[in-house]
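Below is one structure, written out as structure tokens, with a few remarks after it.
Each ligand, and each atom within it, is numbered from 1 in the order the structure gives.
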Amino acid sequence: MQNKDWPNIAGLIGTDKSPIGILGAPMTLGCVTPSDYHLAPAIFRQALKRISTYDLETGTDIGGLVIQDHGDIDIETLSPADGFGPINNAFASLIQNHSLSALIGGHNGVTRAGVHALDPSLQNVGVLTLDAHFDLRSTKDGLMNGNPVQALLDDGLPGTHIAQVGIAPFANTAAMHRTAIQAGITVFTMADCRTHSVVKIVESALKTLSKSCDVIYVDFDIDVIERALSPGAPGGRSGGFSTQEFFQASRLIGSHPKVKAVDLTEFDPALDVSDITALIAGRWFAELLMGFTARS
Ligand SMILES: [Mn+2]
């Protein structure tokens with residue numbers, strides 16, 4: 001419900017047709033460690049009530065936007081393998097009807113289905129991940145939140161159509177790094193981000209993917225953010241993005257015309273403190289919207 005005196009992002013959400021659609025994907029089974037990721041879509045929507053539509057820093061009010069909410073997919077009790085079909089079907093329908101579609105996880109296991117929804121052939125889609133991790137764990141013991149990128153490679157997504165930003169030291173294995181390089185994945189570490197700035201690195205990643213791909217899917221794994229700044233992300237490590245860097249990257253990505261679908265993953269509200277990560281998630285969406293309004 002819109003508060004007339006304090007227009008907020010939650011007030012833009014309804015069931016009317018819109019260029020922007022959101023879909024909750026509360027996937028929680030199939031994790032490296034047991035978690036409560038299924039709580040995230042509802043907490044995300046709650047947080048939007050606390051995010052004003054006005055960007056004071058640019059003097060821009062996005063209160064004129066409309067966002068169509070498609071609710072949540074019923075996948076809380078499903079494994080990543082069983083949840084693939086429902087997410088894929090529902091999200092494909094969003095993509096047909098919106099210029100920008102956002103999948104609100106849930107853990108990172110939702111990403112594989114999201115990418116398939118954007119391009120079932122996997123030959124024209126570029127995938128950009130903002131993530132501390134490669135997500136290249138083996139798929140031999142089944143799908144989980146630590147292997148969506150490996151699963152996509154297994155499915156036939158060319159590694160050269162993948163760019164990964166924010167990969168953290170001492171949080172991945174040498175074997176994963178070799179796999180990424182051998183597959184032709186463009187890898188930008190946290191050190192690269194510090195040296196060149198997150199904005200420059202994300203610009204470069206989008207440019208690279210744009211050359212070979214018609215559409216781009218972006219996985220925002222919230223654990224790319226510095227752990228001390230975001231307690232609701234169990235995978236986060238010290239030395240990650242600042243929240244400001246995360247917001248700048250989100251706005252830039254939202255403005256890119258080839259970005260048709262995004263997801264927000266790995267937010268576990270049960271671990272959050274003082275709504276810190278919830279408010280980051282809400283602001284992430286506001287930044288995406290700001291970027292989207294800049295598309296010509
Ligand atoms: Mn991840």
With the threshold set at 4.0 Å, does a side-chain nitrogen-carboxylate oxygen contact exist between Arg45 and Asp69? yes

Are the side chain of Asn147 and the backbone of Leu136 linked by a donor-acceptor contact shorter than 3.5 Å? no

Could you tell me whether a side-chain N or O of Asn97 sits under 3.5 Å from a main-chain N or O of Ser93, the two making a donor and an acceptor? yes

Check whether any N, O or S atom of Asp223, backbone or side chain, sits closer than 2.8 Å to the Mn ion (ligand 1). no

Within 45° cone of Phe84 ring axis and under 6.0 Å: Arg112 NZ or CZ: yes

Counting backbone and side-chain atoms alike, does Glu266 have an N/O/S atom under 2.8 Å from the Mn ion (ligand 1)? no

For the Mn ion (ligand 1), does an N/O/S atom of Asp135 lie at less than 2.8 Å? yes

Restricting Asp221 to its N/O/S atoms, the closest one to the Mn ion (ligand 1) is OD2

Inspect the surroundings of CD in Gln244 and state if more than 12 heavy atoms from other residues, nucleotides or ligands are less than 6.0 Å away. yes

Specify whether an N/O/S atom of Asn108 falls short of 2.8 Å from the Mn ion (ligand 1). yes

Atom name in Asp131, limited to N/O/S, at shortest distance from the Mn ion (ligand 1): OD2

